[in-house]
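The block underneath contains the structure these notes are about, expressed in structure tokens.
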Amino acid sequence: MTAALPLLSATDAFGALDGVDALVLLVAPGEDAPELLPGSGAGADLAAGFGLDLAGTLARLEVTGAAGQAVSLPLPVIADDDRWAQFPPLLLFAGVGDGSAVDARRAGAAIARAARPGQVVAIADLAGLTDPAATALVEGLVLASYRHPFRGAGPGPTGPADQFRLVGVDPDALAGGLCSAEATVVARRWAATPSNVKNPQWFAEQAVDAVEALGRRSGGSAATTRVRVHDEQWIREHGLGGLAAVGNGSATPPRLVVVEYTPAGAEPGRIVLVGKGITYDTGGISIKPRAAMVPMKTDMAGAAAVLAAVLGAAEAGVATSVVGVLPMAENAFSGGSYRPGDIVTIADGTTVEIGNTDAEGRMVLADGMAWARAHYEPEAMIDVATLTGAASLGLGKEHGALYATADRLAHGLESAGEQTGEALWRMPLVDDYAAALTSPVADLSHISRDRHVGGGSITAALFLRHFAGDVPWAHLDIAGPGRAARTTGILTEGATGFGARTLLRFLRDY
């Protein structure tokens, strides 16, 4: 597991809880009153050993069992009474609601936020949850324990508990939760890295290092994972004009990063994932206001989610081959910046009239999609991007916008989003709006030329649809949920890693 995450371990027996600082008991609402989940017998041991009136205690503490509720109860220390020695000094009652994955994930987050730095926390009664719910609880623990990397001289914000011991959890459920949460965590870290550190070459190096580390852990597995990094010269020679144009204004040139995972005996490149990789976005010549630039270090959140999902698929050994295509660039302001009115040629030969250099994400995605379609001839293609403010205006900050040309893809992604708690809402590809993208001087305009149409997220999706060709395609616009305005639940303010778990779940189920 990545350093700085809490250590999670599974144990079959409740035991004496040596060295444990807090014991978590899971509580469900019940028909008439809240009740502890059946499982390890920790609650029964408390009741029998000390004559503790659990029902009365839950009522007095106003414990309801609602998902996300966490109520603590210090246990007294009684001298010369050995009965107390087997229990830690603190109980924590955590509500699991209806026991679904959604509610269990909230419970895990509440437990992590209630735990104190340096504590060892044991969670009892996990045998009373279904395996999907136990997996989700593990995700909640890890994701709510996460802190963005701190770059100051001091210790930084306090971290999570040192250790969580999970009593009665199925090992596969634990491993699945860790793998899924890890995908989100690494995506968050990459997106949260400041842009004076992060540029296209830096991200390419992160991909290379991650694949090499995966190879060391796999120990000679028959599956193969490899990474290739293409520089600016290769990009120009292979006609990726959109990526070259966007990156031309920056002192740090663009890169195309390609990560392939191929299970033993599988055809390579069945699924292609394309992630928007803008390591910083000034808006270019169509420059952004200052306030709008502040969060733009996270404008490569799509690429981070894609890379994390491909690595997670390799770690989990999914049966489907997948390729992550990551067009990386910095959209900077300089004498070399591309301009409104320029005509740019994409990898498939499509010419595009530029209307706004701040709509750069669709340009690099168009190149990534067109190149990947020709190179791999995939069964399906999915792109992920913090693409339009219009998507978050329509759906808020908790839903990603989903567009798809194939119902199988749409349903698969919707199901994966439901399982992982990353909500997606399917949006229409309104063919009548496509006329707004016509240009008198090029094959396409990359933004709508008709102010009466509106639907900025839809027209952006229609633009991208062109570059999928006949390949079944889906587009995830994560501009809203890709960033969090505050720390709450499983989220930490800033980069959320949204999409990584959904993509990984989709690949597992495909």
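Just the heavy atoms: all of them, side chains too, but no hydrogens, waters or symmetry mates, feed the values below.
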Would E139 and S180 count as having a side-chain donor-acceptor pair, cut-off 3.5 Å? yes
Using distance alone, with no hydrogens and no angle criterion, decide if Y261 and T320 have a side-chain donor and acceptor under 3.5 Å apart. no
Pair T351, D443: side-chain N/O donor-acceptor within cut-off below 3.5 Å: yes
CA sep, side-chain torsions, deciding dist, call: L141, I111, side chain to side chain contact (heavy atoms under 4.5 Å, CB included): CA-CA 7 Å; L141 281 174; I111 293 167; 3.8 Å; yes
With a 4.5 Å limit on heavy-atom distance, are the side chains of K288 and T282 in contact? no
Non-hydrogen side-chain atoms of I382 and V272 separated by less than 4.5 Å: no
Quick one, L137 with R105, criterion side chain to side chain contact (heavy atoms under 4.5 Å, CB included). Give me CA distance, side-chain angles, the key distance, then yes/no. CA-CA 4 Å; L137 187 140; R105 193 175 291 106; over 6 Å; no
For the backbone of H446 and the side chain of R362, can you confirm whether one donor and one acceptor N or O come within less than 3.5 Å of each other? yes
Side chain to side chain contact (heavy atoms under 4.5 Å, CB included) assessment of L429 paired with L462: CA-CA 7 Å; L429 286 163; L462 289 169; 4.0 Å; yes
Can you tell me if CD on E398 sees more than 12 non-hydrogen neighbours from other groups inside 6.0 Å? no
dist I478:CD1 -> L402:CG (nearest 0.5 Å) comes out at 12.5 Å
Is the backbone of F467 close enough, under 3.5 Å, to the side chain of R373 for a donor and an acceptor to pair up by distance? yes
Short question: side chain of S445, backbone of S448 - any donor-acceptor pair under 3.5 Å? no
With rounding to the nearest 0.5 Å, note down the distance linking OH in Y280 to CG in N196. 10.5 Å
Using 30° and 60° as the class limits, which term best fits the ring planes of W190 and F203: parallel, tilted or perpendicular? perpendicular
Do V352 and H466 touch side chain to side chain, with heavy atoms closer than 4.5 Å? no
Could you tell me whether the side chains of T502 and T420 share a donor-acceptor contact shorter than 3.5 Å? yes
Atom CD of E267 with >12 non-hydrogen neighbours under 6.0 angstrom: no
How close do A500 and E422 get, counting heavy atoms only, and between which atoms? N-OE1, 4.1 Å
Just so I know, are the side chains of P327 and W371 near enough to count as touching, which here means a heavy-atom distance under 4.5 Å? no
Can you tell me how far the CE atom of M369 sits from the CG atom of D383, to the nearest 0.5 Å? 5.0 Å
Which atom of L507 lies closest to which atom of A313, heavy atoms considered: CD1-CB, 4.0 Å
Considering non-hydrogen atoms only, spot the tightest contact between T357 and G283 and give its length. OG1-O, 2.7 Å
Do Q419 and S415 meet the criterion of a side-chain donor-acceptor pair at a distance under 3.5 Å? yes
Any donor-acceptor pair under 3.5 Å linking the side-chain atoms of E360 with those of Y338? no
Checking K198 side chain against T193 main chain: does a donor-acceptor pair fall under 3.5 Å? yes
Would you say E205 has more than 12 foreign heavy atoms packed within less than 6.0 Å of its CD? yes
Under 3.5 Å, is there a donor-acceptor pair between the R270 and S321 side chains? no
Find out whether V257 and H230 are in side-chain contact, i.e. whether some heavy atom of one side chain is under 4.5 Å from a heavy atom of the other. no
Where at least one partner belongs to residues 478-510, residue pairs that pass ring-ring contact (aromatic ring centres under 6.0 Å, His included), sequence neighbours excluded: F506-Y510
Taking C-beta and beyond as the side chain, do L256 and L243 meet within less than 4.5 Å on heavy atoms? yes
What is the minimum heavy-atom distance between C179 and A316, and which atoms define it? SG-CB, 4.1 Å
CG of L444 to CD of E353, rounded to nearest 0.5 Å, is 10.5 Å
Just do the side chain to side chain contact (heavy atoms under 4.5 Å, CB included) check on S392 and K397 with the steps written out, would you? CA-CA 6 Å; S392 60; K397 303 297 185 183; 3.9 Å; yes
Separation of L214 CG from D209 CG (nearest 0.5 Å): 12.5 Å
Distance only, no hydrogens: is a donor on one side chain within 3.5 Å (strictly under) of an acceptor on the other, for Q201 and D231? no
Test your reading of the model: is there a side-chain donor-acceptor pair from R147 to the backbone of S145, 3.5 Å cut-off? yes
Residues in ring-ring contact (aromatic ring centres under 6.0 Å, His included) with H148, at least two apart? Y146
With a 4.5 Å limit on heavy-atom distance, are the side chains of K276 and T386 in contact? yes
Using modelled atom types and a 3.5 Å cut-off, is there a donor and acceptor pairing between side-chain atoms of N199 and backbone atoms of T252? no
So with a 6.0 Å cut-off around CH2 of W202, is the heavy-atom count from everything else above 12? yes
I'd like to know if the side chain of D431 reaches the main chain of Y433, judged simply by a donor and an acceptor atom lying under 3.5 Å from each other, with no hydrogens or angles considered. no
Decide yes or no for P194 and R151: does some side-chain heavy atom of the first lie under 4.5 Å from some side-chain heavy atom of the second? yes
T405 side chain vs W473 backbone, donor-acceptor pair below 3.5 Å: yes
Of all heavy-atom pairs linking I346 and A370, the shortest is CG2-CB, 4.2 Å
In short, V246 meets A329 closest at the heavy-atom pair CG1-CB, 4.1 Å
Nearest 0.5 Å please: distance from the CZ atom of R483 over to the OG1 atom of T496. 9.0 Å
Whether S250 side chain and P253 backbone form a donor-acceptor pair below 3.5 Å: no
Main chain of R339, side chain of D342: is a donor-acceptor contact present, judged purely on distance under 3.5 Å? yes
